[in-house]
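What follows is a set of notes on a single structure, which appears directly below.
Please read all numbers here as calculations on a predicted model, not as lab measurements.
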Amino acid sequence: VVALGANLAYVAVTARHFSIQDVAVIAIIGILTMLMDTGKGLGLGTYLLKHLPRLPLQGDRQAASLVFSYLVYSAVIPAVLALLSIAASAPLSQYFFGSAESEPLLRLGLLTALLTVLTNTNVLILHARQEFGLLATQTILSSLFQRLLPVLPVLWLGTDLKAFLGWSCGLAAAGFLASCVPLAGKMAKARLMAPAEFWPESKHFYYTSLLRFGSTQFDQIIVAAMFSPSILAVYYMLRRLYSMAVLMIN
């Protein structure tokens with residue numbers, strides 16, 4: 001309920017306060033966040049959910065190594081994608097918006113996206129450990145830091161998009177640090193697993209996640225690539241409302 005309310009507030013405030021061009025920038029950042037989240041981990045997220053509950057949570061080197069490997073492999077692809085996109089922010093701004101004016105906005109947004117994806121990675125470990133009290137707490141904190149708190153300066157101070165993205169980036173960093181607290185001291189003697197140890201099984205989870213992404217989310221990439229910012233902004237907001245409706249039904 002908290003997550004749904006925070007997302008609704010985020011959509012309502014950004015849609016009403018910012019221009020269509022600004023909302024299109026937010027849409028591009030949201031789509032890139034989704035790409036990072038989908039491409040991360042090589043299927044280790046589902047692999048973790050399957051195998052970690054079978055292992056002792058305290059003092060087990062295999063469990064610690066599995067968590068550590070999940071963290072590392074889940075960070076690599078989003079970090080590479082974020083760095084490449086930041087390096088190409090000028091041509092990306094030119095392609096999507098017809099000018100380089102949005103380049104600093106995209107850079108801020110990409111850093112925020114990376115922090116958001118890393119936070120989501122940490123929270124999934126609590127799910128795999130079946131620490132549902134901590135999971136609920138971290139989910140609420142993530143919703144507050146990533147969605148609700150960034151829109152408050154917009155309501156109170158009337159900030160522009162650059163200031164809004166700056167607030168979003170700072171709060172995303174705070175949310176990421178908060179998500180690291182439950183993991184502190186839990187990976188003593190952990191080692192990085194070689195891909196050969198998990199890929200024969202995890203590849204099925206990974207390819208399935210890519211297939212699911214293609215069937216349910218790829219339309220947003222098509223709209224971003226083929227239509228004007230004004231169409232993208234409207235489509236993205238309607239898509240967010242649809243996603244929240246699905247979440248509410250679930």
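- Apart from Val123 itself, the hydrophobic cluster it occupies contains Leu126, Phe132, Leu134, Leu135, where clustering links Ile, Leu, Val, Met, Phe, Trp and Tyr at side-chain heavy-atom distances under 4.5 Å.
- The nearest pair of heavy atoms linking Leu111 to Cys169 is CD2-SG, 3.5 Å.
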Donor-acceptor pairs under 3.5 Å, side chain of residues 19-37 to any protein atom, not counting sequence neighbours: which ones?
| unit_1 | atom_1 | unit_2 | atom_2 | d |
| --- | --- | --- | --- | --- |
| Ser19 | OG | Asp22 | N | 3.2 |
| Ser19 | OG | Asp22 | OD2 | 3.4 |
| Thr33 | OG1 | Ile29 | O | 2.8 |
| Asp37 | OD1 | Lys40 | NZ | 2.8 |
| Asp37 | OD2 | Asn120 | ND2 | 3.1 |

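- Side-chain atoms of His17 come within 3.5 Å of backbone atoms of Thr159 as a donor-acceptor pair (strictly under, hydrogens ignored).
- From Phe97, atom CZ reaches atom OG of Ser228 across 11.0 Å, with rounding to the nearest 0.5 Å.
- Connection of Phe145 to Val181 is not established within any shared hydrophobic cluster, with ILVMFWY side chains joined at heavy-atom distances below 4.5 Å, either directly or through further cluster members.
- Rounding to the nearest 0.5 angstrom, the gap separating the CZ atom in Phe227 from the CZ atom in Phe96 is 13.5 Å.
- To the nearest 0.5 Å, the span separating OG1 on Thr119 from CG on Leu177 amounts to 8.5 Å.
- Note that CD of Gln62 is 11.0 Å distant from CZ of Arg54, once rounded to the nearest 0.5 Å.
- Put simply, the side chain of Ser93 gets close to the backbone of Ser99: a donor and an acceptor are under 3.5 Å apart.
- No donor-acceptor pair closer than 3.5 Å links the side chain of Arg147 to the backbone N or O of Asn7.
- Both Leu232 and Leu106 belong to a single network of hydrophobic side chains, linked directly or stepwise wherever heavy atoms of I, L, V, M, F, W or Y lie under 4.5 Å apart.
- Ser85 contributes no side-chain N or O that, together with a main-chain N or O of Ala82, makes up a donor-acceptor pair within less than 3.5 Å.
- Gln138 places a side-chain N or O within 3.5 Å of a backbone atom of Ala178 that can act as its donor or acceptor partner.
- Between Phe213 and Phe218, the angle of the ring planes goes over 60°, which puts this pair in the perpendicular group of the 30/60° scheme.
- For the atom pair CD1 of Ile140 and CG of Leu148, the computed distance is 12.0 Å after rounding to the nearest 0.5 Å.
- Listed for the Tyr10 side chain is no donor-acceptor partner under 3.5 Å among the backbone atoms of Gln146.
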Exercise. Going through the checks in order, is the ring pair (Phe, Tyr, Trp, His ring centres under 6.0 Å) test met by Phe164 and Phe18?
Worked result: CA-CA 10 Å; Phe164 168 72; Phe18 294 117; 5.3 Å; yes
Only distances under 3.5 Å count here; give the side-chain donor-acceptor pairs of residues 192-200 to other protein atoms, sequence neighbours excluded, each with its distance to 0.1 Å.
| unit_1 | atom_1 | unit_2 | atom_2 | d |
| --- | --- | --- | --- | --- |
| Glu197 | OE1 | Arg191 | NH2 | 2.7 |
| Glu197 | OE2 | Arg191 | NH1 | 3.0 |
| Glu197 | OE2 | Ala194 | N | 2.9 |

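- Side-chain contact, Glu201 with His51: a donor N or O sits under 3.5 Å from an acceptor N or O.
- Using modelled atom types, one side-chain atom of Tyr206 and one backbone atom of Gly39 make a donor-acceptor pair closer than 3.5 Å.
- Distance check, rounded to the nearest 0.5 Å: CG of Leu115 to CG of Leu110 gives 11.0 Å.
- Connection of Leu238 to Ile221 is not established within any shared hydrophobic cluster, with ILVMFWY side chains joined at heavy-atom distances below 4.5 Å, either directly or through further cluster members.
- Criterion: ILVMFWY side-chain heavy atoms under 4.5 Å apart, direct or through other members. Under it, Ile125 and Phe176 are not part of a common hydrophobic cluster.
- One hydrophobic cluster holds both Leu210 and Leu49 under the rule that ILVMFWY side chains link at heavy-atom gaps under 4.5 Å.
- With hydrogens and angles disregarded, no donor-acceptor distance shorter than 3.5 Å links the side chain of Ser74 to the backbone of Leu71.
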